[in-house]
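Each remark here refers to the structure printed beneath this line.
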Amino acid sequence: MSRFPGVDYLMFDSLLSEEALLIRQTARQFVDDRVLPVIRDAYNNAVFPKHLIAEMAALGFFGANLEGYGCAGLNNIEYGLIMQELERGDSGLRSFVSVQGALVMYPLHAYGSEEQKRHWLPKLQSGAAIGCFGLTEPDFGSNPSAMRATAVKSGANWILNGEKTWITNGSVADLAIVWARTSEGIRGFLVEKGTPGYGVSDIHGKLSMRASVTSSLHFADCAIPDENELRGAKGLKSALNCLTQARFGIGWGVLGAAMDCYETARAYTLARKQFDDKPLAGHQLVQEKLAWMITEITKGQLLAMHVAKLKDAGKVEAAHISMLKRNNVAIALECARLSRDLLGANGIMDEYPLMRHMCNLETVKTYEGTDHIHTLVIGERVTGVPAYR
Ligand SMILES: Cc1cc2nc3c(=O)[nH]c(=O)nc-3n(C[C@H](O)[C@H](O)[C@H](O)COP(=O)(O)OP(=O)(O)OC[C@H]3O[C@@H](n4cnc5c(N)ncnc54)[C@H](O)[C@@H]3O)c2cc1C
């Protein structure tokens, strides 16, 4: 049995099918047995625990909500629960799975040719190949529409030039999905490792997402065969649609980090005594923080559940997912900060997961659309007035 009791204030589990509970249990056990024993060292030493890739593949975690080509074909609630458990382990691990599934397998599934799908999807699902997604550039993060990377048609090839940065899995990827400007607008390309003119360098010195590889991708007259264009992808909206898939997983994932923080603080404050031999958890100010956390986590769970149901019904909008990502990341980050506070000095130690989650969540707040950008998406949805510029 898992050491993690789960966080369920409002009988959330009564909303889950037997199948979903089983899938969550499998992911939970995997995190307890395989991730928690190694994650502290991996984070401290800034290494991604590569040996877990094959194990996660065998459990069907990659592209789990996609149909066919060896994918598990789970519904979006089941998929979300896997993301939640993985991020309870570490946001870096969940990021790996999000990139592989939502940012590499999804675009192939949605926009790839039958040949591209047959060639890549089974390999990516089984972990035999790893992928990355190159959209962000050194000068363009929140506004990728201004990207400088170009792809120019030359005979049977596209010639790619430019730079992408902050790319998760960059140097470990066999396949990069790269977005570049063409004479017909922004298009997506499959760039294989080892293609002449394609270079990768890792970013060092991160104080967040340390157990995750982050790289820069460089393209200098890099010739991409015509058949490596993602033919179904037209314009930036196709790239943003991939991000919508990943943001959905984030909205669930961060609940796992929040739950780990809350449960750590709850257990600690019940055990630790201050003033008249009384547990910290018996003091009103401490209870106020625990009450805030469990309330926000519960609201976050219900939001995630409803958005998953809309997604399964084909009714979800990108603006719905913006609310899920923005809200759940914000409350998870606050849970990490409050929990750290409740552990006092011990809260800063790597023996507890709080500072690791807190630092990771600073990245999660920024990537896949910053908190500000999702605020503006919601603002546009309710006013009809775009305020990005
Ligand atoms: C660890 C990590 C992994 C990542 N992985 C990937 C990946 O795999 N692939 C990929 O393509 N990218 C990836 N990213 C990049 C990420 O998506 C960008 O960092 C993000 O989009 C923000 O861009 P920026 O860092 O350039 O910040 P900027 O766009 O420069 O924004 C800086 C600040 O200004 C604010 N801001 C910007 N515009 C506005 C506005 N109009 N109104 C109000 N505020 C605004 C932002 O909200 C933010 O607070 C990753 C980033 C990190 C840190």
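Residue numbers start at 1 and run along the sequence shown. Start at 1 and go down the list; that is how both ligands and their atoms are numbered.
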Presence of salt bridge, [Y] and [X], under 4.0 angstrom:
X      : Y      : value
Asp260 : Arg88  : no
Arg34  : Glu55  : yes
Asp90  : Arg356 : yes
Lys299 : Glu296 : yes

| field | Test log, rule salt bridge (Lys or Arg N to Asp or Glu O under 4.0 Å), inputs Asp174 and Lys123 | value | CA-CA 10 Å; Asp174 303 286; Lys123 285 188 190 176; over 6 Å; no
Among all protein heavy atoms, pick the one closest to [atom] and tell me residue, atom and distance.
atom                    : answer
atom 48 (C) of ligand 1 : His372 ND1, 3.9 Å
atom 39 (C) of ligand 1 : Ile373 CD1, 4.1 Å
atom 25 (O) of ligand 1 : Thr366 CG2, 4.4 Å
atom 23 (O) of ligand 1 : Gly141 CA, 3.2 Å
atom 41 (N) of ligand 1 : Tyr388 O, 2.8 Å

| query | Which one of Ser215, Ala387, Ser142 has a non-hydrogen atom at the shortest distance from atom 37 (C) of ligand 1? | reply | Ser142
Is [X] in polar range of ligand 1, meaning some N or O pair under 3.5 Å apart?
X      : answer
Thr136 : yes
Thr165 : no
Trp166 : yes
Thr370 : yes
Phe133 : yes
Leu135 : yes
Thr168 : yes
Thr214 : no

Determine, counting only non-hydrogen atoms of the protein, whether one lies under 4.0 angstrom from [atom].
atom                    : result
atom 46 (C) of ligand 1 : yes
atom 30 (O) of ligand 1 : no
atom 9 (N) of ligand 1  : yes
atom 2 (C) of ligand 1  : yes

| query | For Tyr388, does the OH atom have more than 12 heavy-atom neighbours from other residues, nucleotides or ligands under 6.0 Å away? | reply | yes
Regarding [X] and [Y], do their side chains bring together a donor and an acceptor under 3.5 Å, going by distance alone?
X      : Y      : answer
Tyr352 : Asn346 : no
Gln284 : Glu288 : no
Asp202 : Ser171 : yes

| query | Relative to Trp292, does Lys289 satisfy both conditions: NZ or CZ under 6.0 angstrom from the six-membered ring centre, and within 45 degrees of the ring's axis? | reply | no
| Sub-4.0 Å atoms of ligand 1 with respect to non-hydrogen atoms of Glu368 |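 Listed by number with element: 17 (O).
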| request: Within a distance under 4.0 Å of any heavy atom of Ile167, pick out the atoms of ligand 1 and give their elements. | output: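 Heavy-atom distances to Ile167 below 4.0 Å select 7 (C), 8 (O), 9 (N), 10 (C), 11 (O).
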| query | How far apart are the C-alpha atoms of Tyr111 and Asn241, what are their side-chain angles, what is the distance that settles it, and do they pass the side chain to side chain donor-acceptor pair (under 3.5 Å) test? | reply | CA-CA 11 Å; Tyr111 308 122; Asn241 190 27; 3.0 Å; yes
| Within less than 4.0 angstrom of ligand 1, does Leu376 place any heavy atom? | yes
| request: Evaluate the side-chain proximity of His357 to Ser339: yes if any heavy-atom separation is below 4.5 Å, no if none is. | output: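 They are not in side-chain contact.
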Please report, to 0.1 Å, the donor-acceptor pairs under 3.5 Å made by any side chain of residues 183-200, with sequence neighbours excluded.
from   : atom 1 : to     : atom 2 : distance (Å)
Arg187 : NH2    : Glu184 : O      : 3.2
Thr195 : OG1    : Glu192 : O      : 2.5

